[in-house]
Participant: 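Submitted below is the structure of interest, expressed as structure tokens.
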Amino acid sequence: MMASVQTVLFDFDGTLADTNHLIAQSYLHVFEKYLPGRFQTEESVRHFNGPSLEEVFSELLPEKTDEMVATYREFNHEKHDDLIQEFPCVEEVLGKLKKSDIRLAVVSTKNSFILKRGLEVLNIQNYFDLILGGTDYQKVKPDPEALHLAMTKLSSSPAETIMVGDNPQDIEAANRAKVRGIFVEWSHKTLAEVKPYKPYQTVKSMVELQEWITLQNNGGRE
């Protein structure tokens, strides 16, 4: 039988926060400047949601990577507060998990400053025992470094930890860190796209995630 869930590591974009429109518009803004006409719809940039900005831009225009990252961040930060919103029942479920004495953390590749700003805009920052952004560690997901760092700081073991995310990078990082990877089905990524990465569990809502955790902690009993 699997160990109970005592620590939950959450991705931010696309998991807790609905930033899909913000991210897509930020990419389209950059591409309009550097690759005009190549990407014109939000669907055309959907697959860029997940890897780090440096990874995305270095594959397209390596000599312009730093410029493109700066352009993306300038636009993203300007539009951030207007376009970010919480997915349904996020705060409610975080509150219930917190009351159950479960350790909560955010582990994101997002720039740490804007990550904390996003948590504050959604007013959920106080639920977390730890917040790790992309500037708090060296190797981004799917490398497991950030997950290992979070578990070390929270004194958590892999057996009692889950990673909740909306991208293959989250699930692969979870598997490499030997924690259970939970895929959220409200992701822009489809189940078919994520299934090859072998998520331990998938959930259709935050409420279903909380119910699943409760089930694990009750030894499989309702």
Participant: In Å, rounded to the nearest 0.5 Å, how long is the span from OG1 of Thr7 to CG of Leu9?
Facilitator: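 Going from OG1 on Thr7 over to CG on Leu9, the span is 7.0 Å.
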Participant: How long is the gap from CG on Leu22 to NE2 on His77, to the nearest 0.5 Å?
Facilitator: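 Between Leu22 CG and His77 NE2, I get 9.0 Å after rounding to 0.5 Å.
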Participant: Take atom CD in Glu32; do more than 12 heavy atoms of anything else shown fall under 6.0 Å from it?
Facilitator: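 No - once you tally the heavy atoms of other residues, nucleotides and ligands closer than 6.0 Å, there are 12 at most.
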Participant: Counting only heavy atoms not in Lys79 (residues, nucleotides, ligands), do more than 12 fall under 6.0 Å from its NZ?
Facilitator: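 For Lys79, atom NZ is not crowded (no more than 12 foreign heavy atoms under 6.0 Å).
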Participant: So does Glu74 have more than 12 non-hydrogen atoms from other groups sitting under 6.0 Å from CD?
Facilitator: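 No, CD of Glu74 has 12 or fewer neighbouring heavy atoms, counting only those of other groups under 6.0 Å.
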Participant: Where does the angle between the aromatic ring planes of Phe31 and Phe39 fall among parallel (under 30°), tilted (30 to 60°) and perpendicular (over 60°)?
Facilitator: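 Tilted, since the angle between the ring planes falls between 30° and 60°.
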Participant: Heavy atoms only: give me the nearest Pro144-Ala173 pair and the separation to one decimal.
Facilitator: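 Nearest heavy atoms, Pro144 then Ala173: CB-O, 3.8 Å.
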Participant: Tell me whether Leu104 is reachable from Val107 by hopping between hydrophobic residues (I, L, V, M, F, W, Y) whose side-chain heavy atoms are closer than 4.5 Å.
Facilitator: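 Result: no, two separate clusters.
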Participant: Taking Ser100 for the side chain and Lys96 for the main chain, is one N or O donor matched with an acceptor at less than 3.5 Å?
Facilitator: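 Side chain of Ser100 to backbone of Lys96: a pair is present.
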Participant: Are the side chain of Glu59 and the backbone N or O of Val56 linked by a donor-acceptor pair below 3.5 Å?
Facilitator: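 No, because the side chain of Glu59 does not come within donor-acceptor range (under 3.5 Å) of the backbone of Val56.
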Participant: Listed by chain and number, what are the side-chain contact (heavy atoms from CB on, under 4.5 Å) partners of Glu43, not counting sequence neighbours?
Facilitator: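 Glu43 satisfies side-chain contact (heavy atoms from CB on, under 4.5 Å) with Thr41, Arg46 once adjacent residues are dropped.
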Participant: Report the distance from atom OG of Ser4 to atom CD1 of Ile102, rounding to the nearest 0.5 Å.
Facilitator: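 Going from the OG atom of Ser4 to the CD1 atom of Ile102 covers 8.5 Å.
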Participant: When rounded to the nearest 0.5 angstrom, what distance separates CD1 in Ile124 from CG in Leu94?
Facilitator: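 Result: 5.5 Å between the selected atoms.
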Participant: Following the transitive rule for hydrophobic clusters with a side-chain heavy-atom cut-off under 4.5 Å over Ile, Leu, Val, Met, Phe, Trp and Tyr, establish whether Ile84 and Val184 coincide in one cluster.
Facilitator: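 The answer is yes; both residues are in one hydrophobic cluster.
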Participant: Met151 and Thr161: which non-hydrogen atoms are nearest, and at how many Å?
Facilitator: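 So the minimum-distance heavy-atom pair works out to SD-OG1, 3.7 Å.
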Participant: Any salt bridge between Lys153 and Asp129, counting N to O under 4.0 Å?
Facilitator: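 No.
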Participant: Can Ser156 and Arg103 be counted as having a side-chain donor-acceptor contact under 3.5 angstrom?
Facilitator: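 Result is yes, a qualifying pair exists.
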Participant: Side chains of Leu28 and Phe75: closer than 4.5 Å at any heavy-atom pair?
Facilitator: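 The answer is no; the side chains never approach within 4.5 Å.
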Participant: Rounded to the nearest 0.5 Å, how far apart are CG of Leu60 and OG of Ser58?
Facilitator: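 Leu60 CG to Ser58 OG: 8.0 Å, rounded to 0.5 Å.
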Participant: After noting the C-alpha distance and the side-chain angles of Val203 and Ile182, does the key distance pass the side-chain contact (heavy atoms from CB on, under 4.5 Å) rule?
Facilitator: CA-CA 7 Å; Val203 292; Ile182 314 298; 4.1 Å; yes
Participant: Work out which heavy atom in Ile131 is nearest to a heavy atom in Phe128; give both atom names and the distance.
Facilitator: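 Result for this residue pair: CG1-CB, 4.1 Å.
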Participant: Got a donor-acceptor contact below 3.5 angstrom from the Arg180 side chain to the Ala159 backbone?
Facilitator: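 Here the side-chain-to-backbone pair exists.
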Participant: Centroid-to-centroid, Tyr72 to Phe48, below 6.0 Å?
Facilitator: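 Ring centroids of Tyr72 and Phe48 are no less than 6.0 Å from each other.
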Participant: For residues Ala105 and Leu154, report the shortest heavy-atom separation together with the two atoms involved.
Facilitator: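 Closest pair (atom of Ala105, atom of Leu154, distance): CB-CD1, 3.9 Å.
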Participant: Report yes if some heavy atom in the side chain of Leu53 is under 4.5 Å from a heavy atom in the side chain of Arg73; otherwise report no.
Facilitator: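 Yes - at least one pair of side-chain heavy atoms lies under 4.5 Å apart.
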Participant: Mind checking whether Phe12 and Leu119 have side chains closer than 4.5 Å, heavy atoms only?
Facilitator: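 With C-beta onward as the side chain, the pair touches.
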Participant: Cut-off 3.5 Å, side chains only: do Gln138 and Glu145 have a donor facing an acceptor?
Facilitator: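 Their side chains do not contain a donor-acceptor pair, so the 3.5 Å distance test is not met.
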Participant: When hydrophobic residues are tied together by side-chain contacts of less than 4.5 Å, even through go-betweens, does Leu115 share a cluster with Leu149?
Facilitator: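 No, Leu115 does not connect to Leu149 through the hydrophobic network.
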Participant: Between Thr214 and Gln216, do the side chains contain an N or O donor and an N or O acceptor separated by less than 3.5 Å?
Facilitator: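 No donor-acceptor contact under 3.5 Å links the two side chains.
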Participant: Checking side-chain contact (heavy atoms from CB on, under 4.5 Å) for the pair Glu42/Gln25: CA distance, chi angles, key distance, verdict?
Facilitator: CA-CA 7 Å; Glu42 291 199 2; Gln25 287 300 311; 2.8 Å; yes
Participant: Does Asn167 use its side chain to pair, donor to acceptor, with the backbone of Gln169 at less than 3.5 Å?
Facilitator: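 No; judged by distance alone, with no hydrogens or angles, the pair does not exist.
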Participant: Would Val179 and Ile162 count as a side-chain contact (heavy atoms from CB on, under 4.5 Å) if you check the C-alpha gap in whole Å, the side-chain angles of each, and the deciding distance to 0.1 Å?
Facilitator: CA-CA 6 Å; Val179 309; Ile162 65 172; over 6 Å; no
Participant: Are Pro88 and Met206 close enough that some pair of their side-chain heavy atoms sits under 4.5 Å apart?
Facilitator: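 They are not in contact (no side-chain heavy atoms under 4.5 Å apart), so the answer is no.
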Participant: Which word best sums up how the rings of Tyr27 and Phe57 line up, parallel for under 30°, tilted for 30 to 60°, or perpendicular for over 60°?
Facilitator: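 Answer is perpendicular, since the angle exceeds 60°.
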Participant: Using side-chain heavy atoms (C-beta onward) and a distance below 4.5 Å, is Leu16 in contact with Leu122?
Facilitator: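 Heavy-atom side-chain distance check fails, nothing below 4.5 Å.
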Participant: Evaluate the side-chain proximity of Lys204 to Trp186: yes if any heavy-atom separation is below 4.5 Å, no if none is.
Facilitator: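 Not touching, per the 4.5 Å side-chain cut-off.
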Participant: Using 0.5 Å steps for rounding, measure from the OG1 atom of Thr109 to the CG atom of Asp13.
Facilitator: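 That separation rounds to 7.0 Å.
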Participant: For the residue pair Glu91 / Tyr127, report whether a side-chain donor-acceptor contact shorter than 3.5 Å exists.
Facilitator: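 There is such a pair between these side chains.
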Participant: Taking all atoms of both residues into account, what is the closest heavy-atom pair of Asn76 and Ser26, and its distance?
Facilitator: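 Shortest heavy-atom contact: ND2-OG, 3.2 Å.
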Participant: Suppose we screen for side-chain contact (heavy atoms from CB on, under 4.5 Å). Which residues come up paired with Lys64, at least two apart in sequence or across chains?
Facilitator: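 With neighbours one apart ignored, the set is Tyr34, Leu61, Glu67, Met68.
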Participant: Please test Glu55 against Ser52 for side-chain hydrogen bond (donor to acceptor under 3.5 Å, both in side chains), starting from the C-alpha separation and ending with a verdict.
Facilitator: CA-CA 5 Å; Glu55 287 177 86; Ser52 69; 3.1 Å; yes
Participant: Any donor-acceptor pair under 3.5 Å linking the side-chain atoms of Asn49 with those of Asn20?
Facilitator: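 A donor-acceptor contact under 3.5 Å links the two side chains.
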Participant: So, using side-chain contact (heavy atoms from CB on, under 4.5 Å) as the criterion, who are the partners of Asp11 when residues are at least two apart?
Facilitator: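 Per chain and number, Asp11 pairs via side-chain contact (heavy atoms from CB on, under 4.5 Å) with Thr15, Ser108, Lys141, Met163, Asp166, Asp170.
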Participant: Would you confirm whether Asp18, through its side chain, and Gln85, through its main-chain N or O, come within 3.5 Å as a donor-acceptor pair?
Facilitator: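 A pair under 3.5 Å: no.
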Participant: Should Arg117 and Asp81 be marked as a side-chain contact (heavy atoms from CB on, under 4.5 Å) after you check the CA-CA gap, both sets of side-chain angles, and the distance that decides it?
Facilitator: CA-CA 9 Å; Arg117 181 165 143 193; Asp81 293 5; 3.1 Å; yes
Participant: Taking all atoms of both residues into account, what is the closest heavy-atom pair of Pro199 and Val194, and its distance?
Facilitator: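 Looking at all heavy atoms of both residues, the closest pair is CD-O, 3.7 Å.
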